[in-house]
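Computed from a prediction, not measured in an experiment: that's the story for all the values here. Residues: numbered from 1 along the sequence shown.
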Amino acid sequence: MSQILFRNLSLLDPRWDDVRDGYEVLVEGEAIKEVADKPIKAASARVVDCGKRTLMPGLIDCHVHVFLSEVNIRNLEAVPLTLMTARASELMRGMIDRGFTTVRDTGGADWGIKVAVESGLIAGPRLFISGRALGPTGGHSDGRRRTDNGASCNCCNAMVYCMEVVDGADGVRKAVREQMRQGADQIKIMCSGGVASPYDPLDSLQFSPAEIAAATDEAAAFGRYVLAHAYTPEAITRAVENGVRTIEHGNLIDARSAGLLASKGGFMIANLVTYYTMKERAAQFGMTAEMLAKNDIVLEGGLKSLEVCKQAGVEVGYGSDLLGQLQVEQSREFIYRAEVLKPIEVVRQATTVAAKILRQEDKLGVVAPGALADLIVVDGNPLKKLELFLDQGAHLPVIMKAGKFHKNALG
């Protein structure tokens with residue numbers, strides 16, 4: 001197997017508190033073979049001189065939507081699956097260009113797009129897919145107009161393809177089993193109202209305890225887990241009490257529901273940038289006044305939710321949750337979180353904590369022998385300047401996924 005030796009670098013392994021100088025990293029095949037604070041002997045290796053830049057693990061975004069290429073999701077009704085896939089290709093290339101070598105798609109992406117990336121047909125990050133996002137009639141997965149009384153088939157347009165409406169414990173069981181048959185790495189369910197859905201209040205409770213328990217029971221039986229869209233303490237509590245492992249958004253979480261999540265060993269995936277960006281720009285892409293009013297409510301609680309989780313001992317993963325044309329703002333999430341967290345804490349959320357969420361602790365998010373060679377080189381120390389993650393990867397001269405260069409401007 002070919003070898004690549006990174007030299008003359010500062011190493012940022014997020015398990016440490018700071019960057020360390022004088023390290024070298026040897027990659028063999030798709031994995032890291034050796035990490036040392038002294039010269040590594042590898043006579044046949046291709047040498048990459050990092051010029052004293054910082055080498056660190058590739059970034060991980062735990063909440064993306066590669067198929068949701070419209071800010072106003074209803075516009076996806078007019079998007080055929082062929083166009084949906086073409087747009088996803090562009091969106092995923094942008095993600096890996098920004099240094100995100102792994103992402104968890106939380107509703108929409110299927111096994112086909114995952115295989116396309118794995119086989120090199122499409123450039124993009126490693127995908128962990130949820131298949132269709134599942135929700136009850138009238139909930140966050142139900143984008144039907146009020147004049148649409150029947151259910152649409154799930155193959156006619158991108159909006160319906162990415163979401164599914166199911167009711168009752170038996171209906172949920174069947175839908176979960178089908179997503180896992182289709183290759184889902186995890187299952188996405190809706191437990192509260194949402195910003196981008198037309199008719200459900202934010203504080204609505206979606207899926208009954210029995211329906212949630214059916215989802216988590218089936219996922220566990222298949223060796224998978226369930227993530228839940230939930231904003232309010234009531235929705236978070238209902239989800240966690242019935243076996244949900246990760247809470248998505250959680251902007252309105254309180255100390256009691258955070259304590260419950262911590263006691264169960266669960267995670268929260270916060271998403272701040274999407275609410276700031278939707279407030280700034282979503283109206284121009286067709287998001288309605290009613291949706292933007294809901295956005296203001298969750299925006300107000302975003303930063304506070306990070307503090308509540310930190311006090312309760314809940315580990316928080318990095319997530320952007322941006323839609324359509326707003327996905328270029330993915331890396332701004334670092335900047336917002338830094339208003340209440342230390343830079344190393346934010347970096348860990350996009351590396352080591354994210355790897356735990358994906359159940360890939362030994363493979364992703366670290367620079368260690370045996371881990372996958374997902375690596376980026378940064379023009380400086382990001383712990384001193386998180387802005388180095390901005391500008392669409394302009395400050396990342398090297399991006400490597402599984403031992404292969406996606407980008408190498410160092411020769």
Side-chain angles (χ1 to χ4, degrees), residues 11-19 56-64 95 98-106 125-128 130 185-186 188 225-228 230 236 239-240 244-251 253 257-274 302-321 330-368 371-372 374-376 378 382-383 386 389:
L11 183 61
L12 173 54
D13 186 317
R15 296 173 297 179
W16 306 336
D17 290 330
D18 211 338
V19 170
M56 63 175 289
L59 304 172
I60 304 171
D61 190 330
C62 286
H63 195 118
V64 305
M95 291 176 186
R98 291 186 283 271
F100 289 90
T101 53
T102 298
V103 298
R104 184 179 68 155
D105 188 278
T106 55
R126 181 180 294 100
L127 282 170
F128 287 79
S130 304
D185 298 298
Q186 63 276 328
K188 166 76 172 289
Y225 67 91
V226 173
L227 55 121
I236 293 167
V240 175
V244 166
R245 181 170 177 261
T246 78
I247 296 296
E248 312 301 305
H249 319 304
N251 296 50
I253 195 169
S257 54
L260 174 64
L261 184 58
S263 72
K264 299 291 186 178
F267 300 85
M268 192 174 89
I269 291 78
N271 323 110
L272 305 182
V273 64
T274 188
L303 290 173
K304 181 182 178 182
S305 72
L306 296 180
E307 296 176 315
V308 170
C309 285
K310 186 175 180 179
Q311 292 171 2
V314 175
E315 291 192 279
V316 177
Y318 188 103
S320 57
D321 191 33
Q330 183 180 23
S331 301
R332 280 177 62 193
E333 182 77 16
F334 283 100
I335 309 305
Y336 291 122
R337 293 185 185 217
E339 293 185 28
V340 294
L341 299 174
K342 298 176 182 178
I344 185 61
E345 292 176 317
V346 185
V347 168
R348 284 171 180 155
Q349 290 175 349
T351 52
T352 52
V353 176
K356 289 182 185 178
I357 291 166
L358 298 176
R359 296 174 168 174
Q360 298 288 315
E361 296 97 318
D362 298 328
K363 294 295 183 182
L364 299 174
V366 295
V367 183
L372 287 170
D374 283 18
L375 302 168
I376 60 176
V378 187
L383 299 185
L386 286 171
F389 293 129

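- The minimum heavy-atom distance linking Cys62 with Ala354 is given by the pair SG-CB, 3.6 Å.
- Between the Glu333 side chain and the Leu272 main chain, a donor and an acceptor come within less than 3.5 Å of each other.
- Aromatic pair Tyr318/Phe100: centroids less than 6.0 angstrom apart.
- Atoms CG and NZ, from Asn251 and Lys304 in turn, are 12.0 Å apart once rounded to the nearest 0.5 Å.
- Ser130 pairs with exactly one of Gln186, Arg104, Lys188 by the side-chain hydrogen bond (donor to acceptor under 3.5 Å, both in side chains) rule, that one being Gln186.
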CA sep, side-chain torsions, deciding dist, call: Val353, Val316, side-chain contact (heavy atoms from CB on, under 4.5 Å): CA-CA 7 Å; Val353 176; Val316 177; 5.9 Å; no

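- Separation of atoms CG (Leu59) and CE (Met95) is listed at 12.5 Å; rounding is to 0.5 Å.
- Using a 4.5 Å heavy-atom threshold, the side chains of Asp374 and Arg126 count as touching.
- Atom CG of Leu383 sits about 9.5 Å away from atom CG of Asp17, to the nearest 0.5 Å.
- Between Val346 and Phe334, the shortest heavy-atom distance links the atoms CG1-CD2, 3.5 Å.
- Using modelled atom types, no side-chain atom of Ser257 and backbone atom of Ile253 make a donor-acceptor pair closer than 3.5 Å.
- Atom NZ in Lys342 sits 9.0 Å away from atom CZ in Arg348 (nearest 0.5 Å).
- The minimum heavy-atom distance linking Ala228 with Ala239 is given by the pair CB-CB, 4.1 Å.
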From CA spacing to verdict: side-chain contact (heavy atoms from CB on, under 4.5 Å), Asp13, Thr351: CA-CA 9 Å; Asp13 186 317; Thr351 52; over 6 Å; no

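- Between atom SG of residue Cys309 and atom CE of residue Met268 there is a gap of 3.5 Å, rounded to the nearest 0.5 Å.
- Between the side chain of Arg337 and the main chain of Ala270, a donor-acceptor pair closer than 3.5 Å is present.
- The side-chain heavy atoms of Met56 and Val19, taken from C-beta on, include no pair separated by under 4.5 Å.
- Going from atom NZ of Lys363 over to atom CG of Leu358 covers 14.5 Å, rounded to the nearest 0.5 Å.
- Every side-chain contact (heavy atoms from CB on, under 4.5 Å) that Ala355 has, sequence neighbours left out, goes to Ile60, Leu364.
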Could you walk me through whether Phe389 and Val347 pass side-chain contact (heavy atoms from CB on, under 4.5 Å), step by step? CA-CA 10 Å; Phe389 293 129; Val347 168; 4.3 Å; yes

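- Across all their heavy atoms, Tyr225 and Ile357 have their closest contact at OH-O, 3.4 Å.
- Nearest heavy atom pair, residue Lys356 against residue Arg245, reads O-NH2, 3.0 Å.
- Checked options Thr246, Asp105, Thr274, Thr106; the residue passing with His63 is Thr106 (criterion: side-chain hydrogen bond (donor to acceptor under 3.5 Å, both in side chains)).
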Show your reasoning for whether side-chain contact (heavy atoms from CB on, under 4.5 Å) applies to Leu127 and Val103. CA-CA 5 Å; Leu127 282 170; Val103 298; 3.5 Å; yes

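- Taking a 6.0 Å sphere around NZ of Lys310, one finds it holds more than 12 heavy atoms contributed by other residues, nucleotides or ligands.
- In terms of heavy atoms, Val314 sits closest to Leu261 at CG1-CD2, 3.7 Å.
- Residues Asp18 and Ile344 are not in side-chain contact: their nearest non-hydrogen atoms beyond the backbone lie 4.5 Å or more apart.
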